[in-house]
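What follows is a single structure, written as structure tokens, with notes after it.
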Number of protein chains: 2
Amino acid sequence: MSGQQQRATLDDVARLAGVSSKTVSRVFADRELVSPATVERVLTAAKRLRFRPNSLARNLRRGGSTNTIGFIMGELGNPFYYKVAAGIEQELARNGHALLVATTDDTPDGEERVADALLAQRIGALLLIPVADDQSYLEGERHLGTPVIAIDRPARNLVADALVLENHRGAFEATSRLLALGHRRIAYACNPAAVYTQAERVRGYRDAMAAAGIHDTHRWERLVDDRSAAPEQLVADLFARDDAPTAIITGNNRMTIGALRAFRARGDADAIALIGFDDFDTADVLGVSVISYDPVALGRQAARLALERIGEPAGFTKQIELPTWLVERGTGERPPAEGAQ
Amino acid sequence: MSGQQQRATLDDVARLAGVSSKTVSRVFADRELVSPATVERVLTAAKRLRFRPNSLARNLRRGGSTNTIGFIMGELGNPFYYKVAAGIEQELARNGHALLVATTDDTPDGEERVADALLAQRIGALLLIPVADDQSYLEGERHLGTPVIAIDRPARNLVADALVLENHRGAFEATSRLLALGHRRIAYACNPAAVYTQAERVRGYRDAMAAAGIHDTHRWERLVDDRSAAPEQLVADLFARDDAPTAIITGNNRMTIGALRAFRARGDADAIALIGFDDFDTADVLGVSVISYDPVALGRQAARLALERIGEPAGFTKQIELPTWLVERGTGERPPAEGAQ
DNA sequence: AATGATGATGACAACGCTGTCCGATCGGCA
DNA sequence: TGCCGATCGGACAGCGTTGTCATCATCATT
């Protein structure tokens with residue numbers, strides 16, 4: 001092993017190329033202003049020394065924020081989040097920006113701590129999936145010029161752009177579809193429940209039920225917030241009752257898979273209609289009908305919005321809704337079992 | 001909307017607190033050396049001004065690398081990659097480091113470009129899932145003191161730590177299991193095939209077959225590198241032949257799901273035994289036997305190794321193998337159909 | 001030939017922070 | 001009371017880059 005080398009700086013390159021450091025700087029910034037011969041000489045020297053401009057110093061000098069965008073997501077375990085992350089990364093890479101990710105494990109108190117860590121890195125914009133009840137702690141930062149974009153859920157007590165899904169419409173459509181098939185006892189299960197998305201989805205479910213004259217939906221709702229409760233068990237409980245539902249809408253992919261496990265354990269449950277919110281990789285193989293949307297597009301749009309805001313911070317904030325649609329694959333088109341009604 | 005504010009600096013805080021900027025600096029670094037009363041005064045002032053230390057300046061001054069770790073992954077679409085990312089993030093967060101991610105879309109030429117972008121950010125270490133045939137372009141950087149850790153596949157032409165799976169053992173075990181059930185015509189399908197992991201897995205498969213006296217395995221191998229080829233079709237082709245295999249091992253989760261789709265399309269294929277490499281979320285619901293491992297642990301270990309290397313760059317590089325194990329869920333325990341043998 | 005316009009290059013300071021070094025302050029002890 | 005040591009605060013420089021401004025050579029124009 002040879003000894004530790006020093007990292008080359010602009011000055012080192014300048015000395016080797018026989019020019020001033022400013023000229024080298026120009027070569028790596030506004031190449032236009034330097035004569036071709038000099039550019040060549042500098043580049044040769046830079047390559048010889050394996051020079052790489054120090055973006056720390058560059059960004060410091062340039063006054064603050066970097067070309068790095070921060071993204072605070074919930075737990076990485078959920079495919080939804082990382083597909084959003086993928087979309088963000090794609091769009092940022094296309095524009096020469098880097099992505100700094102942090103997770104909160106979906107706990108509210110983690111959010112501010114994590115945001116602080118990201119902001120200390122002088123990120124150029126902050127994307128987040130809000131978990132805490134209150135994002136006012138970001139107000140100061142926003143004021144300082146860091147754009148904040150809320151994804152999936154609007155920020156609370158903070159002026160920020162937001163990208164959300166058509167939660168209400170999706171749930172309404174799914175419920176209506178089941179009602180049209182003749183179902184009356186339609187359950188809605190989710191965990192966690194105390195988040196914006198679920199509130200909207202439940203509202204869509206209730207509205208559709210109400211439109212069909214069914215008002216006592218609370219009997220079929222299973223809105224749980226205990227993270228340790230197994231989705232499978234929640235669904236199993238629902239169908240162990242005498243007046244078991246004939247159909248169920250699951251509020252997210254974890255719950256959908258939980259329902260599938262519960263059905264599998266029961267064995268007799270091929271008769272139960274199921275529509276899940278969120279698509280997932282093997283939903284087609286399993287024949288599961290879902291309310292789908294494009295999480296990658298969600299991420300891409302969020303990134304695009306962030307980049308726009310960096311360019312032009314003023315202007316009214318937007319709240320954009322992304323479409324959801326029903327994908328029929330089998331489980332959602334099952335009519336109620338004979339005599340169940 | 002009120003106008004743009006200025007970001008507070010150490011000096012601003014110092015002025016408000018009536019101390020020197022160095023004292024404020026100490027409060028945010030070695031709090032020990034400052035009297036409690038002063039600490040309090042400084043913190044109050046800092047809070048009033050919404051001061052946040054500028055880590056750009058700090059890291060620049062402290063001489064180079066940051067507390068940010070870069071991770072180059074393939075496409076984010078694959079659950080394997082993001083679960084590794086999740087593990088990395090967990091471990092880094094625990095140690096006060098941030099994670100900068102970049103993707104290459106699994107194209108070799110993207111890798112160096114992306115690595116360059118990350119290294120310009122003066123990351124403290126680089127984790128990557130090698131895609132290119134040659135990582136020698138990182139040699140200079142490694143020499144400059146940036147630890148490089150290869151994940152899932154060893155780096156080529158570069159001295160670097162590596163974390164890989166027991167690919168050979170896993171495939172050997174799966175193949176042996178199928179052989180023990182009486183299967184002889186066992187296929188192996190994967191795409192892409194020209195990567196380290198697949199080479200190892202194929203080797204494990206061949207060795208197990210050879211141990212059972214079967215040497216013409218090329219008849220059952222479907223090693224494809226055309227990314228546009230649909231996994232489903234590849235498997236379908238394999239089973240459309242007269243001497244169709246009675247069992248198949250799929251080289252990764254995409255191929256496993258492709259096989260399930262192909263089987264589903266055929267309808268008669270419940271008889272075909274299947275063991276897939278990589279676990280996935282609904283494998284239990286689908287009853288799919290797999291060669292499993294813990295991708296999150298892989299990420300965690302990689303991060304831990306990186307942090308170790310930052311602390312103590314010298315020392316011999318390690319190549320660590322993480323265990324794989326067979327999970328029996330149904331498809332892998334099917335004996336060959338009557339008369340098939 | 002004198003003039004201004006143009007283009008290429010360099011000197012210098014500063015971005016916000018911290019390491020080094022030194023000076024100020026205070027309590028305790030003779 | 002005076003002095004010493006311990007402890008805490010501050011002045012200064014510099015990390016690697018870029019913005020500003022100045023300098024100088026070259027060239028076209030009258």
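Within every chain, numbering begins at 1; the chains are lettered A, B, ... in the order of the sequence lines, protein sequences first and strands thereafter. All heavy atoms count here, side chains included; hydrogens, waters and symmetry mates do not. From a predicted model like this one, the values you see are computed outputs, not experimental measurements.
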Checklist line | From C:dG10, C:dC17, D:dG10, nucleotide with atom closest to B:N54 side chain | finding: C:dC17
Next item on the list: Could you tell me the separation between the CG atom of A:L60 and the P atom of C:dA13, rounded to a whole number of Å?
Entry: 18 Å
Note to self: Without decimals, in angstroms, what is the distance between B:L56 CG and D:dT17 C1'?
What the structure shows: 11 Å
Item checked: Euclidean distance, atom CZ of residue A:R61 to atom P of C:dC15 [Å, nearest integer] -> 7 Å
Next item on the list: Considering just the side-chain nitrogens and oxygens of B:T38, establish if one lies under 4.0 Å of OP1 or OP2 belonging to D:dG9.
Entry: yes
Next item on the list: Answer yes when B:D116 and B:R113 have at least one side-chain N-carboxylate O distance shorter than 4.0 Å, and no when they do not.
Entry: no
Note to self: Side chain of B:R58, heavy atoms from C-beta onward: which of D:dG19, D:dG16, C:dT18 has the nearest atom to it?
What the structure shows: C:dT18
Notebook entry, point to check: Which nucleotide, C:dT18, C:dG16, C:dG10, lies nearest any side-chain atom of A:T23?
Noted result: C:dG10
Notebook entry, point to check: Contact class for B:T9 (heavy atom, under 4.0 Å): base, sugar-phosphate, or nothing?
Noted result: sugar-phosphate
Checklist line | Whole-Å gap separating C1' (C:dA14) and CG (A:N59) | finding: 16 Å
Check: Got a donor-acceptor contact below 3.5 angstrom from the A:T44 side chain to the A:E40 backbone?
Finding: yes
Check: Over how many whole Å does the gap from A:L10 atom CG to C:dG10 atom P extend?
Finding: 13 Å
Next item on the list: Describe the nucleic acid contact of A:S55 in one word from base, sugar-phosphate, nothing, applying a heavy-atom distance below 4.0 Å.
Entry: nothing
Margin query: So if I take every side-chain heavy atom of B:V19 and compare against C:dC17, D:dG10, C:dT9, which nucleotide ends up nearest?
Written below: D:dG10
Check: Are A:S35 and C:dG7 close enough that a side-chain N or O sits under 4.0 Å from OP1 or OP2?
Finding: no
Check: So, B:T146 versus B:E141: side-chain donor-acceptor pair below 3.5 Å or not?
Finding: yes
